[in-house]
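In what follows, a single structure is set out as structure tokens and then discussed.
Please read all numbers here as calculations on a predicted model, not as lab measurements.
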Amino acid sequence: MTTPRFTVAEIRQSFLDFFAERGHTIVPSSSLVPANDPTLMFTNSGMVQFKDVFLGTDKRPYKRATSVQACLRAGGKHNDLENVGYTARHHTFFEMLGNWSFGDYFKKESIQWGWELLTKVYQLPPDKLLATVYHEDEEAYDIWTKVIGLPPERVIRIGDNKGGKYKSDNFWMMADTGPCGPCSEIFYDHGADIPGGPPGSPDEDGDRFIEIWNHVFMQFDMKEDGSVTPLPAPCVDTGMGLERLAAILQGVHSNYEIDLFVALIRAAARETHISDLENPSLKVIADHIRATAFLVADGVLPSNEGRGYVQRRIIRRAIRHGYKLGQKTPFFYKLVPDLVTQMGEAYPKLREQEAHIARVLRQEEERFFETLAHGMDILDEAIAAGRTELPGDVAFKLHDTYGFPLDLTQDVARERGIRVDVVGFDAAMSRQKEQARAAGKFKMERALEYTGPSTTFTGYESTSESARVLALYADGEPVEALHAGQGGVVVLDVTPFYAESGGQVGDKGRISSASGVLFEVLDTHKIRADVFGQHGVLQAGVLRVGDSVQADVDVQRRAAITRNHSVTHLMHKALRETLGEHVQQKGSLVDDEKTRFDFVQNAPVTDDEIRRIEQLVNAEIVTDAPTQIRVMDIEAAKETGAMMLFGEKYGETVRVVDIGSSRELCGGTHVRRAGEIGFFKLVSEGGVAAGIRRVEAITGQKALDYVQQLEATVSQAARALKAPVHELVGKLEQQLDHVRALEKEIAQLKGKLASSQSDDLAAQAVQVGSIKVLAAKLDGADAKTLRETLDKLKDKLGSAAIVLAAVDGDKVQLAAGVTKDQTAKVKAGELVNFVASQVGGKGGGKPDMAMAGGSDATALPTALQSVQAWVAERV
């Protein structure tokens, strides 16, 4: 292989340098998990972190930006996971090069710089490039043909080809309404020897002409009736796939032939012991190590729902392809160091979390091989039920839950002489894809319409403020006045009320006036990034826009929230000191009752670890160190070593909060000194998802009340057991030993009863051809007794099919057994299911032994009587 003209690393850096030289601020790649955006499952383009800027709800200190954004598209219309590795350009994870203008430059500069970068810096032949424009965008067409000098035949107008006005490949919309505009795409011609036609032609889906860069010109606001009006400050949003550009610059046709993928494919071949580097499975593994490692670095761990479910599917698909290559032991996690070598410099979080990423992937691999065995049990049970066809939903469950590809299920079924309902499988797969599209669909819901000035927040210094009403809302619509009894939202020019953010709940309190107005504030939220809305109910008077009012925060509630927020910082630091640096926040809730904190941790927090965390936090409180809060730009804040929390969205100016030895970026309210927290107590710890633990803690008076209640409970237990408190544990253990001894004695008595009954039951067996059949009720038996009696009867009868039943109220417990010489004709799983279906239940199991339950004891006599005829039909 010849040395590429530009490596992937060089392309990244030269792109950023090019736009930085033209006044753009380099913005780091944001997390794959969009911050504070429930409309998206993953960051799927470079503009996601700037969405609020385009919507006018956020402001940045710069008007020009550039970035290389890590993106993920795993499902929906943009990507089919099953195609990854088998086409030239399908990926789950990719990098998006982009530059933005927020009301600064527009079409001319954007197109000119794009052309300059491609033809001057990257030295692409101009005659290999062509462009598309929206058919009504004369401005862009003229720039390409008259300024750039591109021949008119290489500037293609794309009309409304998706049905309806503005429904075009070259007209971009953020949502059904809101910012939108025409776009201009730049294509590269791979040459006449590659099949395919230019954009807009019937053969446009071929591989000859490949889109490499899209320039979106946001100049309109789309209304609900489909009409558009000009935006006051048009913007530019561009995106270019790094992998596609690298393939062109390195002279290869497939993205999987670029230097980055060549290294990862070789690493995958090394770990799977495969010499054929063209094997599609190696491409799958190389693609998926990027996606899964970046997801782990951004706090997404494998689970059975939401983002974790997508993560698990991608990991298991990679492992399955390794299994397909003959790899039967964990291998995937071993590619993490190779990925860090390739991308660790551009994305330092990979290098920082290398060990953690490898550990998570290895654990998931080990679980996969366990579920592989479990999936085989499910397949055996489904096939053993006497079917001639395996239902499509069962095959899909094996695929979706246990990682069984359809062809593996078909292979096993073929060995058993049955078919697989492929049509039903495809239907279940289609339903799942529709659900995935719905989950990932980006739909922008409009918030309260507000165009007034920003809110001045004074709540850090004060809990009471004189203010003026700027706007009022009732039922989501602006109004001039609120009347007594009416609920609504109040916007003030100045407010001491903290708006819910960063896990801290919004303030409550009251807004009043000298004229008798009383508005009860029940919560506070942000209408925009810089506008606060007080939500509540007007209790008295009439509140009008323009009124002068007094805003008062509920100070006792605020103080409790503040204590809990400040202690969260100390607890976070103590968690990392005790459990390890891998601990990463996954969510929090701070209110006046408690602090709740979710974090990455693969094992439960032990009692000893909880005690250490409590000791560390309370030691910080005792020092009573003053809290220090500094406001600085984000880069300076990073240099201080301040903790940046996962899922939080930071502006260019941030607050650095020092509480004791903790230092974090935080916009919340905090105690003046650590000692104000009073006392800290962890009250619960548990798992909320795979690899995610949750702790809850309390402070101050609530912590004291909790400890005193515990003391009262312990004293009450000691009195009940008639033992001093210090002897309580020994007394409890003594009582438990006594209970276990009684349970053992009861079990022995049940065994003796079953043994004595087995002789009597054996005499009730009926000879049916070559097999003895017995169906009987066993009084007072539990599941264990049924199984033991079943084994004894099989030994006594020699060649038999047996059903035993026990009744507890309306509940029926069934056990079926067939001696091994008869399982070819009669299977215990089918037999027990036949009986269970008559008593309101179902069940199954192995051919020689199976259990089931039911809920209709009245039907049991008839069900047992039917066993003999059922067996007779099969022998």
Side-chain angles (χ1 to χ4, degrees), residues 370 374 377 603-611 682-687 706-764 774-797 800 802-817 819 828 832 835-836 839 841 843-846 848-855 857 860 864:
E370 292 173 4
H374 187 46
D377 288 341
V605 184
T606 66
D607 291 342
D608 286 343
E609 288 168 338
I610 287 175
R611 279 191 289 272
L682 268 171
V683 294
S684 71
E685 188 279 340
Y706 177 84
V707 171
Q708 290 179 334
Q709 181 60 47
L710 280 181
E711 281 188 338
T713 301
V714 170
S715 297
Q716 187 176 356
R719 286 194 296 272
L721 290 171
K722 298 180 180 178
V725 170
H726 66 276
E727 295 179 6
L728 183 57
V729 174
K731 189 70 172 179
L732 280 172
E733 289 175 345
Q734 180 183 345
Q735 292 294 324
L736 288 172
D737 288 341
H738 181 59
V739 170
R740 282 190 285 266
L742 291 175
E743 289 174 343
K744 184 176 180 181
E745 185 177 342
I746 290 170
Q748 291 171 344
L749 290 172
K750 284 184 177 180
K752 290 179 181 179
L753 176 63
S755 181
S756 65
Q757 287 181 300
S758 63
D759 291 335
D760 295 335
L761 291 173
Q764 300 176 27
L774 172 63
K777 179 182 172 186
L778 195 61
D779 293 324
D782 55 15
K784 183 173 181 290
T785 303
L786 287 178
R787 287 194 297 269
E788 290 175 351
T789 306
L790 201 62
D791 289 338
K792 288 185 173 67
L793 286 168
K794 286 163 72 174
D795 292 339
K796 289 179 183 291
L797 297 175
I802 306 163
V803 176
L804 298 179
V807 175
D808 182 9
D810 292 331
K811 303 294 183 184
V812 179
Q813 180 76 43
L814 297 169
T819 53
V832 80
V835 179
V839 294
K846 296 180 180 178
D848 61 336
M849 171 65 188
M851 303 288 292
S855 58
L860 181 61
L864 293 177

If every non-hydrogen atom of [X] is compared with every non-hydrogen atom of [Y], which pair is closest and at what distance?
| X | Y | result |
| --- | --- | --- |
| A828 | M849 | CB-N, 3.5 Å |
| A815 | L786 | CB-CB, 4.0 Å |
| A857 | G809 | CB-O, 3.7 Å |
| L790 | L804 | N-CD1, 3.9 Å |

ask   = What is the distance from atom CG of L778 to atom CG of L761, rounded to the nearest 0.5 Å?
value = 6.0 Å

Main-chain N/O of [Y] paired with [X] side-chain donor or acceptor, under 3.5 Å:
| X | Y | result |
| --- | --- | --- |
| K777 | L860 | no |
| T819 | A800 | yes |
| Q813 | A806 | no |
| D782 | T785 | yes |

message = Taking side-chain hydrogen bond (donor to acceptor under 3.5 Å, both in side chains) as the cut-off, I'd like each qualifying pair that reaches into residues 731-744, sequence neighbours left out, listed once.
response = D737-R740

Residues which pass salt bridge (Lys or Arg N to Asp or Glu O under 4.0 Å) with K784, listed by chain and number, not counting sequence neighbours = E788

inquiry  = Which residues pass the salt bridge (Lys or Arg N to Asp or Glu O under 4.0 Å) test with R719, not counting sequence neighbours?
reply    = none

task = Show your reasoning for whether side chain to side chain donor-acceptor pair (under 3.5 Å) applies to T606 and E609.
result = CA-CA 5 Å; T606 66; E609 288 168 338; 3.3 Å; yes

key: Verdict with supporting geometry, M851 and V832, side chain to side chain contact (heavy atoms under 4.5 Å, CB included)   = CA-CA 7 Å; M851 303 288 292; V832 80; 5.8 Å; no

inquiry  = Counting only heavy atoms not in D795 (residues, nucleotides, ligands), do more than 12 fall under 6.0 Å from its CG?
reply    = yes

